[in-house]
Structure formats: structure tokens, C-alpha cells
> 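Dropping a structure here in C-alpha cells format, bear with me for questions.
Heavy-atom basis, side chains included; hydrogens, waters and symmetry copies ignored.
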Amino acid sequence: MRILFITDSLVTGGKERRLTELLKVLTLSSTTEIQLVLMNHDIHYKEVLDLDVKINYIIRKTKKDLSVFRKLYAICKDFNPEILHCWDSMTAFYSLPVCKLLGIKMVNGMVIDSPSKQNIFNKHWLRAKLTFPFSDIIIGNSMAGLSAYNAPMQKSKLIHNGFSFERIANIKPSQLIHDQLGIKTQYVIGMVASFSELKDYKTYFNAAQLLLKKRNNITFVAIGEKTDSFIAESLIKNDAKQHFRLLGRRTDVESYINIMDICVLSTFTEGISNSILEYMAMGKPVIATSGGGTNEIVVDQETGFLVNPSDPEELALKMELLLNDKILRMKMGKAGKDRIAEHFSIKKMVNEYIDVYHNLLATKKN
């Protein structure tokens with residue numbers, strides 16, 4: 001089978017990680033031909049460059065560059081894919097007319113979040129309404145996301161993110177990371193997420209500062225794009241700054257998670273979080289904001305705690321509870337790791353994608 005994948009970019013992110021892991025497996029198949037279309041030159045997952053996959057670049061000159069349709073059409077005419085799999089709402093919009101003109105099966109993978117509100121001013125919601133009726137199948141990485149976008153269930157498929165345990169095979173020694181960051185406190189609590197409007201760093205930082213009023217044996221870490229920005233730093237009072245490490249984007253995220261005693265994800269809305277998968281795969285207890293796809297990963301009071309949105313007092317309380325109970329931390333960490341291995345493995349994810357492709361082609365032949 002011939003599959004053309006198209007995505008906006010391969011920068012750091014959950015869908016980019018999923019696509020990379022899928023490409024790694026599919027390129028090992030002698031019966032599958034693959035090409036990739038990127039709309040940005042910025043590639044974080046450099047391992048893609050080592051795969052036997054032709055990369056086509058379509059760079060927009062403007063936000064509404066109509067030449068994208070023509071360029072994508074030319075690529076499809078040349079490669080003649082049986083399936084076109086788009087990974088975000090923008091590429092779904094560009095892919096739709098090309099697929100219909102050339103009779104290509106379209107896999108719409110734009111459901112990667114779980115927005116709480118939908119309206120015509122939300123470009124992703126609008127693109128969903130335009131593309132869902134004409135997509136052959138819609139893939140969401142959370143049931144919460146499929147429901148939020150009101151995807152037609154008869155042609156929707158839930159495929160949770162998968163985690164590859166190979167990613168933690170060569171992490172750096174804990175002491176090396178402690179020394180690198182100048183951490184001398186007994187405990188480390190961290191959050192891995194970009195500093196953006198969907199992530200609630202304000203609640204995380206406020207909870208941290210509430211806890212620091214009671215004890216000074218904790219260092220709080222923030223990892224992700226713009227977490228080292230002036231705006232992020234301005235949320236922390238001067239007398240508490242010595243207890244924070246705002247690291248910005250890092251490539252070796254697993255090595256930093258490894259030094260954390262507790263892992264946090266404070267958000268406003270969430271699909272299936274790669275950060276939570278990483279936390280649990282590394283045996284860390286999780287405290288995360290309840291709602292969206294997070295409830296499909298974290299089992300409250302078993303693999304961690306689910307807390308109310310924008311509630312720093314509750315978050316601080318759960319942090320303190322775990323800091324005071326090493327046995328509970330270890331118990332929850334082990335339960336989380338077991339859950340990832342059983343329900344969120346990379347093998348399970350990849351096999352489910354491959355089943356979708358085979359079923360689509362079987363339908364086409366019939």
C-alpha cells in the first residue's frame with residue numbers, strides 16, 4: 001500500500017511524536033511505500049531524516065496560500081497514494097479537494113485535543129465541520145476529543161497515543177542532571193508542557209509557592225517551549241525564584257523527568273497528553289487537571305490524582321500528600337507504568353493505525 005502523510009511540522013509535540021514512531025515501523029514493511037509532506041522546515045525529531053522516506057516540503061507564502069492545493073495535487077499525481085493521512089486541521093483542509101479529485105482515501109487525524117467550547121470563530125472547529133463529512137475515517141487520540149468535535153461515530157476511530165519504552169533506555173544519570181541544574185533540595189516536582197494559553201502554569205506556580213511557605217526542601221521544574229520566558233518568570237515571586245528551574249525547550253526530556261519525585265500537568269483543556277504518558281512510563285506519580293483525555297489515562301487515586309481546574313490550593317494539597325508518603329508515591333508510580341505498558345504501548349498504537357489502513361483499502365476494493 002502507498003500512504004502519503006502530511007502534517008504542518010515535526011516540531012516538539014504529541015502528534016509529531018506519534019507520526020515519527022509510526023513512520024519508524026511502517027518503513028520496515030516491504031509492502032508499504034511512504035512519502036511525507038511537511039509545511040515547515042523545522043524538524044525536531046531528527047530520526048525521521050534517517051528513515052527511507054521521501055520528504056516533500058510545501059511552504060506557505062501566506063496563511064491563505066492557494067498554491068498549496070496545486071503543489072499537493074502534483075505530489076499526489078506523481079506518487080499516486082492510495083491513502084492520504086493528514087495530522088492536523090490545516091492539512092485536512094488542504095487535503096480534502098485533492099483526495100476527492102484523485103479518488104484517494106482520506107484519513108483525517110486532526111482530533112488531537114479536547115476543546116471545552118466550540119464556535120465558528122474556532123478555526124479548528126470550522127475545519128472539522130468542513131472536512132468531516134468528506135473524510136473516509138476520522139481518527140482521534142481521545143474519546144473526549146471526538147465527542148468535543150462532534151465527530152460522526154460511524155466513521156470515527158479512537159487510537160490512543162503509544163509510548164515506546166526504548167526512549168528511556170539511555171537516560172542520563174540522575175546526579176548529572178541534579179548537578180547541571182544546581183539542585184540540592186531533597187525533592188523535585190516538575191511539569192513538562194509548553195508555556196501557552198492551553199497550559200495552566202499560573203496554577204502550577206501558585207501551588208508551588210503555597211507549598212514553599214510550609215517547606216523549603218523542594219525544587220520546581222518547568223520544561224517546554226517558552227517556559228523560560230519573561231512572562232513565565234514574572235509569575236514567580238522573587239523570594240521563591242531560587243526554588244524554580246525554568247528550562248525552556250529540552251530534547252532529553254526523559255532524563256529530566258527521571259529526577260522528579262512528582263509530575264504535574266496543570267491545563268485548561270487536554271487531549272491525550274504525551275507528558276502524562278512519559279511521567280507514568282517512568283514510574284512517576286501524576287497530579288493532573290481533571291477533564292478531557294486526561295481522565296482516559298490517569299486513574300484517580302491509583303496512578304495519581306485528578307484535581308479541579310485552576311485550583312492551586314487543591315494541587316498544593318495533593319503535592320504535599322505525596323511528598324509525605326514515599327510508599328504511596330512508589331505504589332502510584334508502579335501502577336502508572338503498568339498501565340502504560342498494557343494500554344498505551346507503541347506497538348498497540350501502530351497496529352491500530354495499520355488496521356485502519358488495511359480496512360480502508362479492503363473497502364475500496366469491494
> Can you tell me if I231 has over 12 outside heavy atoms packed within less than 6.0 Å of its CD1?
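It does not: I231 CD1 has 12 such atoms or fewer within range.
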> By the rule that ILVMFWY residues connect when side-chain heavy atoms come within less than 4.5 angstrom, directly or transitively, which residues belong alongside M106?
L96, F134
> Side chains of residues 335-344: which donor-acceptor pairs under 3.5 Å do they make with residues two or more places apart or in other chains?
| from | atom 1 | to | atom 2 | distance (Å) |
| --- | --- | --- | --- | --- |
| D338 | OD2 | K334 | NZ | 2.9 |
| R339 | NE | I297 | O | 2.6 |
| R339 | NH2 | E296 | O | 2.8 |

> Is the closest side-chain donor-acceptor distance between Y256 and Q180 under 3.5 Å?
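Yes, a side-chain donor-acceptor pair sits under 3.5 Å.
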> Cut-off 3.5 Å, no hydrogens considered: what does the side-chain donor-acceptor table look like for residues 3-10, sequence neighbours left out?
| from | atom 1 | to | atom 2 | distance (Å) |
| --- | --- | --- | --- | --- |
| T7 | OG1 | K15 | NZ | 3.2 |
| T7 | OG1 | D88 | OD2 | 3.3 |
| D8 | OD1 | K15 | NZ | 2.6 |

> Mind checking the CD1-CZ spacing from I183 to R245? Nearest 0.5 Å is all I need.
5.5 Å
> Would you be so kind as to tabulate the donor-acceptor pairs closer than 3.5 Å made by side chains of residues 205-218, with sequence neighbours excluded?
| from | atom 1 | to | atom 2 | distance (Å) |
| --- | --- | --- | --- | --- |
| N206 | ND2 | K202 | O | 3.3 |
| Q209 | OE1 | K237 | N | 2.9 |
| Q209 | NE2 | F205 | O | 3.1 |
| Q209 | NE2 | L235 | O | 3.2 |
| K214 | NZ | E320 | OE1 | 3.2 |
| R215 | NE | N217 | OD1 | 3.1 |
| R215 | NH1 | N324 | OD1 | 3.0 |
| N217 | ND2 | Q186 | OE1 | 3.3 |

> Can you tell me how far CG of L130 sits from NZ of K123, rounded to the nearest 0.5 angstrom?
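K123 NZ to L130 CG: 14.0 Å, rounded to 0.5 Å.
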> Of all the heavy-atom pairs spanning V221 and M260, show the shortest one and how long it is.
CG1-CE, 4.2 Å
> Has F93 got more than 12 heavy atoms of other residues, nucleotides or ligands less than 6.0 Å from its CZ?
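It does not: F93 CZ has 12 such atoms or fewer within range.
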> What do you reckon, is CG of D42 surrounded by more than 12 foreign heavy atoms closer than 6.0 Å?
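Enclosed: over 12 neighbouring heavy atoms sit under 6.0 Å from CG of D42.
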> What I want to check is whether the side chains of N238 and K241 have a donor and an acceptor closer together than 3.5 Å.
yes
> Please identify each residue that fulfils ring pair (Phe, Tyr, Trp, His ring centres under 6.0 Å) with Y187, with sequence neighbours left out.
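Checked Y187 against ring pair (Phe, Tyr, Trp, His ring centres under 6.0 Å); zero matches.
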> Could you report the tightest heavy-atom contact between P133 and K155, atom names first, then the distance?
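Of all heavy-atom pairs spanning P133 and K155, the closest is O-NZ, 3.0 Å.
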> Is it true that, when you exclude K347 itself, more than 12 heavy atoms of the residues, nucleotides or ligands shown sit nearer than 6.0 Å to its NZ?
no
> Can you tell me how far NZ of K54 sits from CD1 of I75, rounded to the nearest 0.5 angstrom?
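Answer rounded to 0.5 Å: 7.5 Å.
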> Salt bridge check, E352 against K157: does any charged N sit closer than 4.0 Å to a carboxylate O?
no
> What are the two closest heavy atoms between S266 and T289, and how far apart are they?
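What the structure gives for the nearest pair is CA-OG1, 3.3 Å.
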> In terms of side-chain geometry, is the basic nitrogen of E254 or K284 positioned less than 4.0 Å from the acidic oxygen of its partner?
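No, E254 and K284 are not salt-bridged.
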> Tell me, yes or no, whether the heavy-atom count around I327 atom CD1, taken from other residues, nucleotides or ligands under 6.0 Å, exceeds 12.
no
> What pair of heavy atoms forms the shortest contact from I83 to I104, and how long is it?
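Shortest heavy-atom contact: C-CG2, 3.8 Å.
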> Within a 6.0 Å radius of atom NZ on K331, are there more than 12 heavy atoms belonging to other residues, nucleotides or ligands?
no
> Could I get the full list of side chain to side chain donor-acceptor pair (under 3.5 Å) partners for Y357, not counting sequence neighbours?
H85
> Between the main-chain N or O of I138 and the side-chain N or O of S135, is there a donor-acceptor pair closer than 3.5 Å?
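Checking the backbone N and O of I138 against the side chain of S135, no donor-acceptor pair under 3.5 Å is found.
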> Is it the case that over 12 heavy atoms from other parts of the model lie below 6.0 angstrom from the NZ atom of K226?
no
> Do other residues, nucleotides or ligands put more than 12 heavy atoms under 6.0 Å from the CE atom of M330?
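Not buried by this count: 12 neighbours or fewer within 6.0 Å.
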> Could you point out which residue of N258, D252, T251 forms a side chain to side chain donor-acceptor pair (under 3.5 Å) with S255?
D252
> Nearest 0.5 Å, what's the CD-CG distance between E16 and L38?
10.0 Å
